[in-house]
Amino acid sequence: MVLRFAPSPTGPLHIGGVRTALYNYLLARKHGGRFILRIEDTDQTRYVPGAEAYIIEALAWCGITFDEGPHVGGPAAPYRQSERKNIYAQYAHELVERGWAYYAFDTEEELEEMRRRFEAAGMVAPQYNAITRSYMKNSLTLPPEEVRERLQSQPYVIRFLIPRHREVRFYDKIRGWVSFHSKELDDKVLLKSDGMPTYHLANVVDDHLMQVTHVIRGEEWLPSTPLHVLLYEAFGWEMPEFAHLPLLLRPDGGGKLSKRDGDQLGFPVFPLQWKDPFTGEVASGYREKGFLPEGVANYVALLGWHPSGDKEIFTMDELIQEFSLERVSKAGARFDYEKARWVNQQHLRHKEPRVLLPLIEPFWRDRSLPPADDLTKEKMVQLARERAATLPEVVEVIVSFYLRPALPLHDKGIEKLQPPVVENLPAWIEQLPSAWEKSALEQWAKSFAKALGMGIGKVLPSLRLILTGQEAGPSLYEIMEVLGQQEVNARLEGFLAVHGVRKRV
RNA sequence: GCCCCGUUCGUCUAGCCCGGUUAGGACACCUCUCUUUCAAGGAGGAAACAGGGGUUCAAAUCCCCUACGGGGUACCA
């Protein structure tokens, strides 16, 4: 079993591309097959520097690895179509010789003119096909001597000669039998005038040469599949199996998710942040938003595919185990950012704090938090992890208790303070336990409350306000434990210095 | 326009192939519970077979039509 992912380096890979790559990867790994990365850079006008490196880095980040590709080499190298240019020309000419294709010399203006003419005559979208090709300048209409002469002196393309009256049927692993009539097809260009192949020729030739057995791609390719089927027939090659994945739709359902959506939708559409090399514009990525790669892969896997049971949270290895094309659905799936966050949260909760530490580092730095030793950080992450869905949210929770509250306390906080707690605080600071540990601290707080004849529910919120300036957050006992005796003392004394004295006056 | 693909809770979907389910799960939402609080957790709730025809004792499930949505229609991929 040989599968491939074949993006074109025209910009960053968006999340739909990630899913296509993921499904290919999952299937290859599940069946112990080969997985190839092929760069389809046959359109030189759309080449974007940095895009190929981005694609490789983004997929690696998601945990998707390749057995062959431009970055790792392999027996079918090269894996960039621009570096295989001469291969395609040879196959295109072979097709001409065998009567499956022909040379065409029409200029862009002439094509434009042809379309205008036929449109005026009532045709809606004239194609270069069985009817129109007889009016054009090509090796089917021009005398052989003129063809030979033009071949020497001017640019030309090679077009596929669509056979007439053919029902083209193929089996799609997801959709079942799909059929087209050849009269709907046009004589697609196979070899462009710059000598480069179009996608259609290149992907068929390469899939054959690389012995690809399964072509899994987006549904947008379904309409050009009959052309590919005919190409396999023309070459006399065995066809791979096809599976066309449902599209990833915008949350509003108004079309497929595209690169141009950028940040317009309120969530990233790219795995990694991307800076456009031409405009300098920056589009955000899941990595920079603090998502875990396993969270992104897990959520994306769920868009259009359903596991056999009710379980939804999977590691990559479990996905490999579980995945099958039979359980891929046909209808397009809308992207739901809220659920993506939830899936990520599930993964976050299952990660060890010490593993999370290095991942959190950049966000920690962004908030310019004071340094702390690893053990303290781990404890703080442990506390914060429970109430966050992404890495920066973990940091935000830490910020809420790790930073000293601003003094004097904000008015809303002062209002909520229980006066007896403030008044009796000096005496109780003395009673703080020497065994600095959360259960001792809990005992201390409870004794404090009891002495005041108040419920713990009245006392703790005030203490929380005094210690952190916040009204909500993780367990206060645990916060005190991780902050340490010195820091807690300093915060209590600091508060008293500002608010305690004033109270007494 | 034409061609192709699709249509189950707001969203992702199970069920459809092999007709008979109180149409299941998850996110989000609501209620309760636990908790010092906020989350998380636990319990519960509201919420869907696009419409119309067939076939059948029986249709979400099979067939046809309509509507709607999407994709394609380049010397782009």
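Computation of the quantities below employed the complete heavy-atom set of this structure, encompassing side-chain atoms and omitting hydrogens, waters and symmetry-equivalent molecules. Throughout, a chain's letter reflects where its sequence line sits, starting with A, and its residues are numbered from 1. These numbers were taken from a predicted model, which means no experiment stands behind them.
- Here Val178(A) lies in heavy-atom contact (under 4.0 Å) with sugar-phosphate atoms only.
- Counting non-hydrogen atoms under 4.0 angstrom, Arg175(A) reaches the backbone sugars and phosphates but no base.
- Of the listed residues (Trp274(A), Phe291(A), Tyr299(A)), just one forms a ring pair (Phe, Tyr, Trp, His ring centres under 6.0 Å) with Tyr286(A), and that residue is Phe291(A).
- Mapped onto RNA chain B by nearest heavy atom, Ala472(A) and Val124(A) fall at different nucleotides, with Val124(A) at the one closer to the 5' end.
- Comparing the P positions of G72(B) and A47(B) gives an interatomic distance of 38 Å, to the nearest angstrom.
- Judged by distance alone, the side chains of His181(A) and Arg166(A) never bring a donor and an acceptor atom under 3.5 Å apart.
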Write out a two-atom table: protein N or O, nucleotide N or O from nucleotides 43-50 of chain B, distance below 3.5 Å.
none

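- Around OH of Tyr135(A), the count of heavy atoms belonging to other residues, nucleotides or ligands within 6.0 Å does not exceed 12.
- Between Glu52(A) atom CD and A77(B) atom C1' there is a gap of 15 Å when expressed in whole angstrom units.
- Residue Arg327(A) is classed as a sugar-phosphate contact, given heavy-atom separations below 4.0 Å to backbone atoms only.
- Look at A67(B): its Watson-Crick or wobble partner, with both distances under 3.5 angstrom, is U7(B).
- Partners of Glu110(A) under the salt bridge (Lys or Arg N to Asp or Glu O under 4.0 Å) rule, at least two apart in sequence or in another chain, are Lys137(A).
- When the side chain to side chain donor-acceptor pair (under 3.5 Å) test is applied to Ser308(A), the partners found at least two apart in sequence or on another chain are Glu322(A).
- Checking A77(B), G41(B), C12(B) against the side-chain heavy atoms of His200(A) singles out A77(B) as nearest.
- Thr132(A) and Arg117(A) form no side-chain donor-acceptor contact under 3.5 Å, judged by distance and modelled atom types alone.
- Every residue was checked against the salt bridge (Lys or Arg N to Asp or Glu O under 4.0 Å) condition with Glu478(A), not counting sequence neighbours, and none meets it.
- Of the candidates C12(B), A77(B), U36(B), C12(B) carries the atom nearest the Ala333(A) side chain, counting heavy atoms from C-beta on.
- A46(B) is unpaired under the criterion used here, namely a Watson-Crick or G-U wobble arrangement in which both key atom distances are under 3.5 Å.
- Heavy atoms of Arg464(A) sit under 4.0 angstrom from at least one base atom.
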Going 5' to 3' through nucleotides 60-74 of chain B, assign each nucleotide B (protein heavy atom under 4.0 Å from a base atom), S (under 4.0 Å only from sugar-phosphate atoms) or - (no protein heavy atom that close).
-> ----------SBSS-

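- In the displayed structure, Lys85(A) atom NZ is contacted under 6.0 Å by more than 12 heavy atoms of other residues, nucleotides or ligands.
- Side-chain atoms of Thr42(A) and Glu40(A) form no donor-acceptor pair, as typed in the model, at a separation below 3.5 Å.
- Seen from the ring of Tyr103(A), Arg150(A) does not count as a face-on cation partner, given the 6.0 Å and 45° thresholds.
- Among residues two or more places apart in sequence or in another chain, the side chain to side chain donor-acceptor pair (under 3.5 Å) test is passed with Asp310(A) by none.
- Contacts of Phe448(A) classified as ring-ring contact (aromatic ring centres under 6.0 Å, His included), with partners at least two apart in sequence or in another chain: Trp428(A), Trp444(A).
- Here Ser329(A) lies in heavy-atom contact (under 4.0 Å) with sugar-phosphate atoms only.
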Could you run down nucleotides 27-35 of chain B 5' to 3' and tag each one B, S or - for protein heavy-atom contact under 4.0 Å?
-> S--------

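- Contacts of residues 80-88 of chain A with RNA chain B (heavy atom under 4.0 Å): none.
- Note on Glu119(A) versus Arg116(A): no salt bridge recorded, every NZ/NE/NH1/NH2 to OD/OE distance being 4.0 Å or above.
- Among the protein residues, Asp172(A) comes within range of no part of the nucleic acid, since none of its heavy atoms lies under 4.0 Å from any strand.
- Across all strands shown, Gly304(A) has heavy atoms under 4.0 Å from sugar-phosphate atoms exclusively, and none from any base.
- Here A14(B) is the nucleotide among A14(B), A77(B), U7(B) with the atom lying nearest to any side-chain atom of His306(A).
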N/O contacts under 3.5 Å, protein versus nucleotides 21-23 of chain B?
none

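- Nearest nucleotide to the Leu476(A) side chain, out of U36(B), C12(B), A77(B): U36(B).
- For C75(B), the base has a donor-acceptor partner in the side chain of Ser193(A) [N/O atoms by modelled type, under 3.5 angstrom].
- No engagement by Thr45(A) is indicated, since no non-hydrogen atom pair under 4.0 Å with the nucleic acid exists.
- Ion pairing between Asp43(A) and Arg46(A) holds under the 4.0 Å rule for side-chain N and carboxylate O.
- On the C1' atoms, C64(B) is 37 Å away from C27(B), given to the nearest whole Å.
- Taking atom C1' in both G71(B) and G15(B), the straight-line distance is 27 Å, to the nearest Å.
- Contact of Arg387(A) with C38(B) (side chain to base): a donor-acceptor pair of N or O atoms is detected under 3.5 Å.
- Between Lys256(A) and Glu219(A) no salt bridge is recorded (no basic side-chain N to carboxylate O distance below 4.0 Å).
- For residues 9-22 of chain A, the set of pairs meeting the side-chain hydrogen bond (donor to acceptor under 3.5 Å, both in side chains) definition, not counting sequence neighbours, comprises Thr10(A)-Lys259(A).
- The side-chain hydrogen bond (donor to acceptor under 3.5 Å, both in side chains) contacts involving residues 453-475 of chain A comprise Lys416(A)-Glu471(A), where partners must be two or more places apart or lie in separate chains.
- Residue-to-nucleotide proximity on RNA chain B shows that, of Asp310(A) and Arg349(A), the 5′-proximal contact is made by Asp310(A).
- Salt-bridge formation is not detected for the pair Lys192(A)/Asp194(A): no Lys NZ or Arg NE/NH1/NH2 atom is positioned less than 4.0 Å from an Asp or Glu carboxylate oxygen.
- Distance noted for atom P between A46(B) and U31(B): 15 Å (whole Å).
- Look at Lys311(A) and you won't find any side-chain N or O under 4.0 angstrom from OP1 or OP2 of A26(B).
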